[in-house]
Number of protein chains: 2
Amino acid sequence: MDQALQRQSPPPVSACEKIEPEPMFDLIEALFFAYRDFVGEADRLLLRYNFGRAHHRVLYFVDRRPGLSVAELLDLLKITKQSLSRVLKELLDQTYIEQRPGQADRRQRLLFPTEAGHALALEIAQVQSRRFARALEKLPAGARAQGAAFLAAISDAREDA
Amino acid sequence: MDQALQRQSPPPVSACEKIEPEPMFDLIEALFFAYRDFVGEADRLLLRYNFGRAHHRVLYFVDRRPGLSVAELLDLLKITKQSLSRVLKELLDQTYIEQRPGQADRRQRLLFPTEAGHALALEIAQVQSRRFARALEKLPAGARAQGAAFLAAISDAREDA
DNA sequence: GAAATATGTCAATAGAACTGACATATTCAG
DNA sequence: CTGAATATGTCAGTTCTATTGACATATTTC
């Protein structure tokens, strides 16, 4: 049943065309599986509210950064405003999020979670945190800080927000 | 410009309903941004071949586990065979992947990368590895092994394959 | 007052996933 | 050998998320 063997050790590069090191397949795969299972769990929870992954991302950031402008949210999510609009409208209609005009700039519509929105965001964050907690139990002390630093280093340096 | 402040320290839980610890927002966010930027880079590269993220995932695993059966691939990706079919067909048609009947069980269609498929898979893996390499430069020695262990602990234990 | 900005919205499209139903080839168990 | 189970493929319809392009409105700024 194990005809699915790995393409293993780098065949000691025959020619000499700018020897690129062996790709870090361990990290590539580990990140894929970690993210797949991490979001999969939240997805199942969101189904109960007829929300998808996109709703979650919006609610998450609005809850974490109450008073966020639409433009700031778009930049965080790296999607277009048309993509955001459907999802945001549903969250507004079902009063998980509310808008208030900016006091300084009244063109802005600042986004705030409602009580229900905050509660839902918290519930999902707790489910995801329990996964992290289970993972950290198996790891030596300091793993949380190391893990956070590792992940931060992977994303592009310029994390605004 | 910083009206987007954090909902910070856990307001020392007023009542006493099974005190849930403060969610690990640092890890939740770091994993989101790391994955977003990690796959975003590959996505841009894939555009040149008119392939999407789904094609990449299939090609990646077929290249890593040549001789994989369709059922095994479905289980790795956690998608349905109908979802796989369009993507796999395109990869077969454009000869990045080829099928051979299993010698033991001739019902199976074992998947193998072609030369072109292997080259493309490698190219993408190298781009992603360079991102990891840049990240690891900033981190202390041992960060790679720690990071891999951290990610593995996050995904559900039973990684078959 | 004109230009730039922040947001909203309409329309059309694409990509990736889903469910359900059904067909074919092959293996396996009785 | 026959019938059930398995591995795969495929058709049809749907959902969700995202895209581009065009245009409207309110507000701020020069």
Side-chain angles (χ1 to χ4, degrees), chain A residues 1 3-4 32 35-36 39-40 42-44 46-60 62 67-93 97-112, chain B residues 1 3-4 32 35-36 39-40 42-44 46-60 62 67-93 97-112:
Chain A
M1 194 59 78
Q3 80 279 64
F32 171 75
Y35 191 79
R36 183 197 65 178
V39 299
D43 283 351
R44 287 191 296 277
L46 267 293
L47 275 186
R48 302 207 305 250
Y49 299 82
N50 287 304
F51 286 148
R53 193 172 295 184
H55 300 86
H56 178 208
R57 292 201 285 254
V58 170
L59 179 60
Y60 175 85
V62 170
L68 196 69
S69 73
V70 171
E72 287 167 334
L73 182 54
L74 290 176
D75 189 57
L76 277 174
L77 299 177
K78 302 255 189 288
I79 58 174
T80 61
K81 65 178 174 178
Q82 296 91 329
S83 298
L84 175 61
S85 103
R86 171 189 54 93
V87 169
L88 182 55
K89 190 179 302 194
E90 287 168 1
L91 287 166
L92 289 166
D93 288 349
I97 288 180
E98 64 181 29
Q99 288 180 319
R100 303 178 208 155
Q103 75 291 51
D105 183 340
R106 299 209 316 277
R107 288 172 304 182
Q108 293 182 325
R109 302 301 162 84
L110 306 186
L111 304 172
F112 295 85
Chain B
M1 195 59 77
Q3 79 280 65
F32 170 74
Y35 191 78
R36 182 197 66 179
V39 299
D43 284 351
R44 287 192 295 278
L46 267 293
L47 275 186
R48 300 208 305 250
Y49 298 82
N50 287 306
F51 287 149
R53 191 172 297 184
H55 299 86
H56 178 208
R57 291 201 284 255
V58 170
L59 179 59
Y60 175 84
V62 170
L68 196 69
S69 73
V70 171
E72 288 166 333
L73 182 54
L74 290 176
D75 188 57
L76 277 174
L77 299 178
K78 300 257 188 289
I79 59 173
T80 61
K81 65 178 174 178
Q82 297 91 331
S83 298
L84 176 60
S85 104
R86 170 187 53 94
V87 170
L88 182 55
K89 189 178 304 194
E90 287 169 3
L91 287 165
L92 289 166
D93 287 350
I97 288 180
E98 64 182 28
Q99 287 180 318
R100 302 177 208 156
Q103 75 292 52
D105 184 340
R106 301 209 315 277
R107 289 172 303 181
Q108 294 182 324
R109 303 302 163 83
L110 306 185
L111 303 172
F112 295 86

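Within every chain, numbering begins at 1; the chains are lettered A, B, ... in the order of the sequence lines, protein sequences first and strands thereafter. Heavy-atom basis, side chains included; hydrogens, waters and symmetry copies ignored.
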- Message: Against the six-membered ring of Phe32(B), is Arg57(A) placed for a cation-pi contact (under 6.0 Å from the centre, within 45° of the normal)?
- Response: no
[atom1]/[X] to [atom2]/[Y] distance, rounded to the nearest 0.5 angstrom?
X	Y	atom1	atom2	value
Asn50(A)	Glu90(A)	CG	CD	9.5 Å
Glu72(B)	Leu74(B)	CD	CG	10.0 Å
Tyr60(B)	Leu77(B)	OH	CG	12.0 Å

- Which atom of Asp75(B) lies closest to which atom of Lys78(B), heavy atoms considered: O-NZ, 3.0 Å
- Item | Contact letters for nucleotides 2-9 of chain C, in which S counts primed atoms plus P, OP1 and OP2 and B counts the base, heavy atoms under 4.0 Å | --BBSBBB
- Message: What's the closest nucleotide to the side chain of Thr80(A) if the choices are dA16(C), dT19(D), dA17(C)?
- Response: dT19(D)
For [X] and [N], what is the distance between atoms [atom1] and [atom2] respectively, to the nearest whole Å?
X	N	atom1	atom2	value
Ile79(A)	dT20(D)	CD1	C1'	14 Å
Leu47(B)	dT20(D)	CG	P	10 Å
Leu91(B)	dG15(C)	CG	P	14 Å
Asp43(B)	dA18(D)	CG	C1'	12 Å
Glu90(B)	dA14(C)	CD	C1'	12 Å
Arg106(A)	dT29(D)	CZ	P	11 Å
Leu84(B)	dT10(D)	CG	C1'	13 Å
Leu46(B)	dG15(C)	CG	C1'	13 Å

- Query: Is any side-chain nitrogen or oxygen of Ser83(B) closer than 4.0 Å to OP1 or OP2 of dA16(C)?
  - Reply: no
- Under 4.0 Å: is that the gap between some side-chain N or O of His55(A) and OP1 or OP2 of dT17(D)? yes
- Message: With heavy-atom distances below 4.5 Å as the criterion, would you say the side chains of Asp43(A) and Leu47(A) are in contact?
- Response: no
- Side-chain contact test, heavy atoms from C-beta onward, threshold under 4.5 Å: evaluate it for Leu91(B) versus His55(B) and give yes or no. yes
- Base, sugar-phosphate alone, or nothing: which one does Arg86(A) contact when heavy atoms must sit under 4.0 Å apart? base
